[in-house]
Every structure is written in structure tokens, then in C-alpha cells.
Amino acid sequence: MNSPTDSIYASPVGEVGAFKFDETVAGVFPDMIQRSVPGYSAIISAIGLLAGRFARDHSVCYDLGCSLGAATLSMRHQIEAEHCRIVAVDNSEAMVTRFQQALQQDQAPIAVEVRCQDILEVNIEHASVVVLNFTLQFIPLEHRLALLQKIYRGLLPGGILILSEKLKFDDERQQELQTQMHHAFKKAHGYSELEISQKRSALENVLVPETFTQHQNRLRQVGFSSAEVWFQYFNFASIIALK
């Protein structure tokens, strides 16, 4: 069944409020994410393949900031490790409720635990795979290092962190070009100038992007032996960090 069309910012708003993952957003999220994040479907598919490669017997896979569970479901259908389970966490009650309902219709054998919880409060233990799929960018800057330290400590040797993020660029020309191309992508998928402008205002100071170098340096700082981009489409990228 097709997702309802995202028209949240289609009408002029006097004062655009801060973006929230509430019931309104949850109701149109599949349409919103596909039309807003270049390459999203490819990333979700690859997360499943990577989980199939790295998930170990008797381990845990974490989807932190799971929203409606796209990454979790992708992993669930690719993991073949025995006695492996997925813990999916999001602090949006609206997202978690909808995901739990969808999960009831999915018959894959891998156990899934869905939690409505702040990911900063989640204990990461005996993990073979951890996914932060466009999640870290919503975490306050001052908490990002501690979160990644916790993830690193909870990962088994040889484990993987998949970190997808909107990037910013030090070079002003690159920043302007990548921003313009992202807007062109959104226009090509039916968003108006008004919608793009109002959503950008709503996300200001809520979604705080960093450069790839900042991400890579932080990942190495917490102990990851390797952190490289495996996918990029304009200013959206996904990084594989290996322990």
C-alpha cells in the first residue's frame, strides 16, 4: 500500500516550528524520506546485505533511531545467524507504535525488540552490527562522541557500525553545489520551492550536519580501525566503520 503523500509544508506557515517526529510526520514518513533523501532505498537495501555479512550467532544488532523500521526489516530478512536478535530504538512514540503494527505483518524469523527510548540511554551489549541511519545528525553535538564511544565498547571485535548522515562541506563552492543539487532532487520528486524552504527552516538547529572528516576523525578517536564512505549521493552519505 502506498504511503500518504507528504504535504506538511505545502501551505504557507506564519512561523515555521521546529521539526518533530510526531504523528503527522510518522503518517507520511515513507513518502517524505524517499523524496527527501537521495539514495535512501539503496542504503536500506545495503544495510540488510551488510547485516547478513556481519551478524553473528548469539549476538545483537541495533537499529538506533529506527523510525518506522525500514533498516530493521531489511536486516531481518538478510540475517541468517542463529540466535541473533535485533533491538530497534526510537524516542518517537508515533514512530514506534506504527512500526510495532507493521512488524506484526512481517513473518521473518529473526526476533525484534522495539523500544521507545532515547538512544543515549540504551546499553549496547554483545553487538555485531549497529546502525545509525540518518540519526546522529539529530543528536546534540556535545553528546555525539559519548554515543559513539558507547557503541564502540558494545561492539564485538570485527563488528560494524553503519553511519548514514547528511554532510556539510568545508569548501564553499562544494557546499553551495551540493545544497543546490539536493534541492533539485526534491523538486524533481514533486516538492515546491515553498515546501523546500519551510522544511529547511523547520530543520535548522534540529538537524546539524558535519563534514566527513569530522565524522571520520571522531570514529577513529573512539577506536574504530577503519571508517570510509561506501555510498554518497550529493550531500547524503553512508559510512562503514569497522572495529
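Bear in mind that the values here come from a model prediction, so they are computed numbers and not experimental data.
At a cut-off of 3.5 Å, with distance as the only test, a side-chain donor of Gln175 or Thr179 sits close to an acceptor on the other residue. Judged by distance alone, the side chains of Ser192 and Glu195 do bring a donor and an acceptor atom under 3.5 Å apart. Side-chain contact of Glu176 with Gln180: a donor-acceptor pair under 3.5 Å is present, judged by distance alone.
Remark: side-chain polar atoms of His189 are not paired, donor with acceptor, to backbone N or O of Ala184 under 3.5 angstrom. Between the side chain of Glu125 and the main chain of Gly154, no donor-acceptor pair closer than 3.5 Å is present. The backbone N or O of Ala108 lies less than 3.5 Å from a partner atom in the side chain of Arg76, making a donor-acceptor pair.
A ring-centre distance under 6.0 Å is not found for Phe185 and Phe234.
Cation-pi contact between Lys199 and Tyr9: absent, since separation from the ring centre below 6.0 Å together with deviation from the ring axis within 45° is not met. In this structure, Lys166 fails the cation-pi test against Phe134, since its NZ or CZ atom is not both closer than 6.0 Å to the six-membered ring centre and inside 45 degrees of the ring normal.
By the rule that hydrophobic residues join a cluster once side-chain heavy atoms approach within less than 4.5 Å of another member, Phe54 and Ile43 end up as members of one cluster.
By the neighbour-count criterion of 12 heavy atoms within 6.0 Å, atom CZ of Arg115 is densely surrounded, having more than that number from other residues, nucleotides or ligands. Under a cut-off of 6.0 angstrom, the local environment of CG in Asp170 is sparse, with at most 12 non-hydrogen atoms contributed by other residues, nucleotides or ligands.
Ring orientation note: the planes of Phe231 and Tyr233 are tilted relative to one another, at an angle of 30° to 60°.
Asn133 places a side-chain heavy atom less than 4.5 Å from the side chain of Ile47.
A salt bridge links Lys187 with Glu193: the closest approach of a Lys/Arg side-chain nitrogen to an acidic carboxylate oxygen falls below 4.0 angstrom. One finds no salt bridge joining Glu142 and Arg144 here, because no Lys/Arg side-chain nitrogen approaches an Asp/Glu carboxylate oxygen to under 4.0 Å.
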